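These numbers were taken from a predicted model, which means no experiment stands behind them. Here, residue 1 is the first one in the sequence, and each next residue gets the next number. Indexing begins at 1, ligand by ligand and atom by atom, following the structure's order.
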Amino acid sequence: MNILLIGSGGREHAFAYKLTQSKQCDKLFVMPGNAGTSQVAINVPLNPLDFALVGKFCLDNEVQLIVVGPEEPLVKGMRDYFMADDHLKRIPFIGPDEQGAQLEGSKDFSKNFMQRYQIPTAAYRTFTFENIHEGIDYVKTHSLPVVLKADGLAAGKGVLICQTNDEAVAELEAMIKNQKFGAASSKVVVEAFLNGIELSVFVLTDGKHYKILPAAKDYKRIGEGDTGLNTGGMGAVSPVPFADDVFMKKVEERIVKPTISGLVQEGINYVGFVFIGLMNVNGDPWVIEYNCRMGDPETEVVLPRIESDFVDLMLAAGTGNLNQFDLQISNQTATTVMLVSEGYPGDYAKGYAITGFEHVHDSIVFHAGTKTTDDQQTVTNGGRVLAITSMGGSIKEAVAKSFANAERIQYQGKYYRRDIGYEFT
Ligand code: AMP
Ligand code: GLY
């Protein structure tokens, strides 16, 4: 069958890698894709947000499965567009509708949702311009640190952890009055700080049934020892050593089950991935956030551990048959190390030639921000450039392969964290 995958990052290269491993995949189209996806699939240089154009492309190319990587098309209603068309609605579509995507698109919506279904999450209140004075009073006396979150999508930048009440007042005003994060921060969620270790749990649902995919931990800060600015993610490991059966049982009972049944009760057509960002607080899971998609770089360690046919898995989810699917997961550990551009997550240059791919062995190189030039060179084209994924019997063994191969790849301004998985090795 022909499949359309939406997106262009390391996550999408990992999806492309898994989808094309299946015998069922004839043609895989990636819209728009990157230099890595073009090695295994056909890149389609169209804008995925032009839904009419995507719909026409699907009909013209007999697409029989659609998988959406990033959140933006979902938050903007891509599924709703397809479901409203008599022809397009027949194509199994992996990604929730606009309302479901609000789990990620609006922090206020997701906090409300968690409260309605008694899902453990930090205590919170929401403020806008209308009640900013109440908000100021609230943060003046809030316990510290206090967390301020822009309600809307803010490219991963909309969360501030304030160490003093004065700082929180100033930031609340900057967010609401001065639109520090644009329209996304005209509404702000103020919540209590949770002290613990973070991890991500991924759930695939067909709207009724669900499968819990391998958990992962990503490394968000740019600097070693978890220092410096937040990034999209500098590396990841799966499984997460402390997410044992006892912990995962708590996650399933207290969080996954009420989340899926809550979505059903709300009448939300949620077919796709639920990414649950969790804090492990003394052995108990608390939800920090939901995302309506897979994580990046978590996908680069979660998908390689899935042994079942990945197209079958997507089809089972897309057709409401996940309960009949036998999900097989590898016991091996997967690690990924992200190679980034010098300057990231601030300004960085693009267009540097990348060499050394042929020297890599025993790792998979997923492309994130790369492109192929007219003269067929692979060049850097983003802050996060390549994700080097390796498998092994332990984090230590896997990550040693990722580090060795990180050295074999060259481009100007290459940087990576040499301590991915450090607290477990
Ligand atoms: P988010 O965009 O909601 O994932 O938040 C970004 C990061 O801020 C998270 O990955 C956490 O590291 C941190 N964070 C968010 N909310 C909290 C909280 N309530 N307590 C502690 N840390 C938090
Ligand atoms: N790595 C975190 C995310 O994808 O949001």
Side-chain angles (χ1 to χ4, degrees), residues 7 9-12 14-15 69-72 74-75 101 103-111 114 119-125 139 142-163 168 171 175 181 184-185 188-202 213 215-222 226-238 240 273-282 284-303 336-338 340 345 366 368 383-384 387 417 420:
R11 169 181 53 212
E12 285 74 24
F15 268 108
E71 65 281 9
E72 195 184 5
L74 300 169
V75 172
L103 278 187
E104 173 163 4
S106 166
K107 303 267 189 211
D108 181 47
F109 175 90
S110 70
K111 294 291 287 189
M114 288 183 251
I119 294 166
T121 190
Y124 81 104
R125 283 198 53 191
V139 299
H142 198 287
S143 60
L144 296 171
V146 55
V147 184
L148 271 53
K149 298 185 171 184
D151 175 63
L153 293 181
K157 297 201 174 81
V159 174
L160 300 174
I161 296 173
C162 300
Q163 302 297 338
E171 292 293 1
M175 285 168 92
F181 301 109
S185 69
V188 173
V189 166
V190 177
E191 70 174 34
F193 182 81
L194 297 170
N195 212 342
I197 313 176
E198 279 182 78
L199 77 156
S200 309
V201 169
F202 300 95
L213 305 177
K217 181 176 193 308
D218 84 339
Y219 292 79
K220 288 203 166 81
R221 303 296 195 92
I222 188 72
D226 295 324
T227 54
L229 294 174
N230 256 325
T231 70
M234 296 295 292
V237 302
S238 176
V240 183
F273 297 97
V274 190
F275 165 160
I276 310 176
L278 292 176
M279 193 71 89
N280 174 355
V281 184
N282 300 321
D284 287 319
W286 291 70
V287 179
I288 293 181
E289 62 162 351
Y290 289 113
N291 294 306
C292 62
R293 53 174 172 85
M294 285 296 292
D296 193 354
E298 292 94 326
T299 305
E300 291 93 305
V301 292
V302 170
L303 263 48
T336 199
V337 171
M338 194 60 88
V340 305
F366 292 122
R384 294 192 292 173
R417 272 182 63 169
I420 300 304

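A heavy-atom cutoff of 4.0 Å around ligand 2 is satisfied by the protein residues Asp218, Gly232, Phe275, Arg293, Gly295, Asp296, Pro297, Glu298.
For the pair Glu300 (side chain) and Ala387 (backbone), a donor-acceptor distance under 3.5 Å is absent. Asp151 contributes a side-chain N or O that, together with a main-chain N or O of Lys107, makes up a donor-acceptor pair within less than 3.5 Å. Within the 3.5 Å criterion, the main-chain N or O of Gly228 finds a donor-acceptor partner in the side chain of Arg221. Between the Arg293 side chain and the Glu72 main chain, no donor and acceptor come within less than 3.5 Å of each other. Between the Arg417 side chain and the Val337 main chain, no donor and acceptor come within less than 3.5 Å of each other.
Here the closest non-hydrogen pair linking Ala192 and Ala122 is O-CB, 3.3 Å.
Residues Lys220 and Thr231 have side chains that never bring a donor and an acceptor to within less than 3.5 angstrom of each other.
Cation-pi geometry between Lys217 and Tyr219 is met: under 6.0 angstrom from the ring centre, within 45 degrees of the axis.
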Note down each nitrogen or oxygen pair, ligand 1 side and protein side, whose separation is under 3.5 Å; give only atom names and the distance to 0.1 Å.
{"residue": "ligand 1", "atom": "3 (O)", "partner": "Lys107", "partner atom": "NZ", "Å": "3.1"}
{"residue": "ligand 1", "atom": "3 (O)", "partner": "Lys149", "partner atom": "NZ", "Å": "3.4"}
{"residue": "ligand 1", "atom": "3 (O)", "partner": "Glu289", "partner atom": "OE1", "Å": "3.4"}
{"residue": "ligand 1", "atom": "4 (O)", "partner": "Glu289", "partner atom": "OE1", "Å": "3.1"}
{"residue": "ligand 1", "atom": "4 (O)", "partner": "Glu289", "partner atom": "OE2", "Å": "2.7"}
{"residue": "ligand 1", "atom": "10 (O)", "partner": "Glu198", "partner atom": "OE1", "Å": "2.7"}
{"residue": "ligand 1", "atom": "10 (O)", "partner": "Lys220", "partner atom": "NZ", "Å": "3.2"}
{"residue": "ligand 1", "atom": "12 (O)", "partner": "Glu198", "partner atom": "OE1", "Å": "3.4"}
{"residue": "ligand 1", "atom": "12 (O)", "partner": "Glu198", "partner atom": "OE2", "Å": "2.4"}
{"residue": "ligand 1", "atom": "16 (N)", "partner": "Lys149", "partner atom": "NZ", "Å": "3.0"}
{"residue": "ligand 1", "atom": "16 (N)", "partner": "Glu191", "partner atom": "OE2", "Å": "3.4"}
{"residue": "ligand 1", "atom": "19 (N)", "partner": "Glu191", "partner atom": "OE2", "Å": "2.6"}
{"residue": "ligand 1", "atom": "19 (N)", "partner": "Ala192", "partner atom": "O", "Å": "3.0"}
{"residue": "ligand 1", "atom": "20 (N)", "partner": "Leu194", "partner atom": "N", "Å": "2.8"}

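Between Phe15 and Phe273, a ring centre-to-centre spacing shorter than 6.0 Å is recorded.
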